[in-house]
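Letters A, B, ... are given to chains in the order of the sequence lines, protein chains preceding strands, and every chain is numbered from 1. Please read these numbers as outputs of a predicted model, since none were measured by experiment.
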Amino acid sequence: AQSVTQLGSHVSVSEGALVLLRCNYSSSVPPYLFWYVQYPNQGLQLLLKYTTGATLVKGINGFEAEFKKSETSFHLTKPSAHMSDAAEYFCAVKMKTSYDKVIFGPGTSLSVIP
Amino acid sequence: DTEVTQTPKHLVMGMTNKKSLKCEQHMGHRAMYWYKQKAKKPPELMFVYSYEKLSINESVPSRFSPECPNSSLLNLHLHALQPEDSALYLCASSQALGTGPGNYGYTFGSGTRLTVV
């Protein structure tokens, strides 16, 4: 069965430091890949997605992610963390053969230290 | 209008009550979803509607009853809930179902925080 893992349930970075949130999927066929962010008491917001084409995807708020098929990974990065980036981040996948079921990873809580 | 609006934001209900959650979008999206999210957990899919027809029911108990009266509106009717049903209920929409290259991300509402007492 398809699964998504996010290494580190909690990540802390200093303000201005690099943000790296890890996501790996288990599938022999590359799925569609998404990153969502959830701020406290809010719904989820789509940060970026990879469907086809260029493997480096740019999203909102300065985030980007790179699809690496050989590593079955889709890690999320941001060069310089801001206090407002503190939130829960979910990686999600959808199989290309799936009618429409998105599978979410367990989430990573990002803290930004002043 | 690029929002999904959910009402109410908070709901407290007894185990014998009947209540409804409402979700509305005016983006012309033809797929709508209900998710349940427990604290510190990812969202879990409950129902998927496509063109106002129920497409997926993830074996959700019958005390949850979805309804899609039109392309902009999605309801979730609640009856005889249990305390373990307390959670954040999220509505989402996307342009359409499908597996094509233009695969769509979801637009989520802010959710209804439900407490069953």
Side-chain angles (χ1 to χ4, degrees), chain A residues 2-6 8-10 21 23 25 27 29-54 57 59-60 63 65 67 74 87-111, chain B residues 2-7 9-10 21 23 25 27 29-51 53-59 87-114:
Chain A
Q2 177 66 235
S3 69
V4 183
T5 56
Q6 293 182 239
S9 59
H10 188 89
L21 304 181
C23 173
Y25 63 90
S27 171
V29 177
Y32 299 117
L33 296 154
F34 307 84
W35 274 101
Y36 287 87
V37 61
Q38 185 175 31
Y39 299 102
N41 301 312
Q42 295 288 320
L44 281 71
Q45 181 181 12
L46 181 65
L47 276 177
L48 48 79
K49 63 179 180 178
Y50 171 77
T51 56
T52 187
V57 180
I60 61 171
F63 284 93
F67 167 59
F74 190 56
E88 189 81 17
Y89 291 79
F90 292 99
C91 181
V93 304
K94 182 178 144 183
M95 295 305 298
K96 293 178 181 176
T97 55
S98 168
Y99 190 38
D100 202 51
K101 184 168 181 179
V102 172
I103 298 170
F104 286 89
T108 297
S109 178
L110 175 67
S111 298
Chain B
T2 57
E3 286 187 344
V4 173
T5 303
Q6 288 188 246
T7 55
K9 292 197 180 304
H10 299 274
L21 310 185
C23 172
Q25 58 89 13
M27 295 176 282
H29 288 180
R30 302 316 298 269
M32 296 185 77
Y33 313 81
W34 280 115
Y35 279 86
K36 174 182 177 180
Q37 186 180 28
K38 301 285 266 185
K40 306 295 184 186
K41 296 291 186 183
E44 298 173 12
L45 182 64
M46 299 175 73
F47 302 104
V48 179
Y49 272 83
S50 175
Y51 289 86
K53 291 191 183 336
L54 184 63
S55 173
I56 297 176
N57 177 341
E58 286 287 299
S59 302
L88 181 67
Y89 288 84
L90 293 164
C91 175
S93 69
S94 66
Q95 288 180 298
L97 298 188
T99 59
N103 201 269
Y104 313 109
Y106 295 174
T107 301
F108 279 86
S110 297
T112 294
R113 189 162 298 283
L114 174 68

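Between chain A and the options B:Gly109, B:Cys91, B:Gly111, B:Ala92, the largest number of non-hydrogen pairs under 4.5 Å is found for B:Gly109. Most heavy-atom pairs under 4.5 Å with chain A: of the set B:Gln6, B:Glu58, B:Lys9, this distinction falls to B:Glu58.
Contact between A:Gln42 and B:Leu88 at its shortest, heavy atoms only, is O-CD2, 4.2 Å. Shown here for A:Phe34 and B:Gly105, the closest heavy-atom pair between the two residues is CE2-CA, 3.8 Å. Nearest approach of A:Gly105 to B:Pro42, heavy atoms of both residues: O-CB, 3.2 Å.
With sequence neighbours excluded, the residues that form a side chain to side chain contact (heavy atoms under 4.5 Å, CB included) with A:Val57 are A:Leu48, A:Tyr50.
Between A:Tyr36 and B:Phe108, the ring-plane angle classifies as perpendicular under the 30° and 60° cut-offs.
At a 4.5 Å heavy-atom cutoff, A:Glu88 makes no contact with chain B through either its backbone or its side chain.
Atom NZ of B:Lys40 and atom OG of A:Ser109 lie 5.5 Å apart (nearest 0.5 Å). Remark: A:Phe90 CZ to B:Gln37 CD distance equals 5.0 Å, nearest 0.5 Å.
With a 6.0 Å radius and a threshold of 12 heavy atoms from other residues, nucleotides or ligands, A:His10 has its NE2 atom above the threshold.
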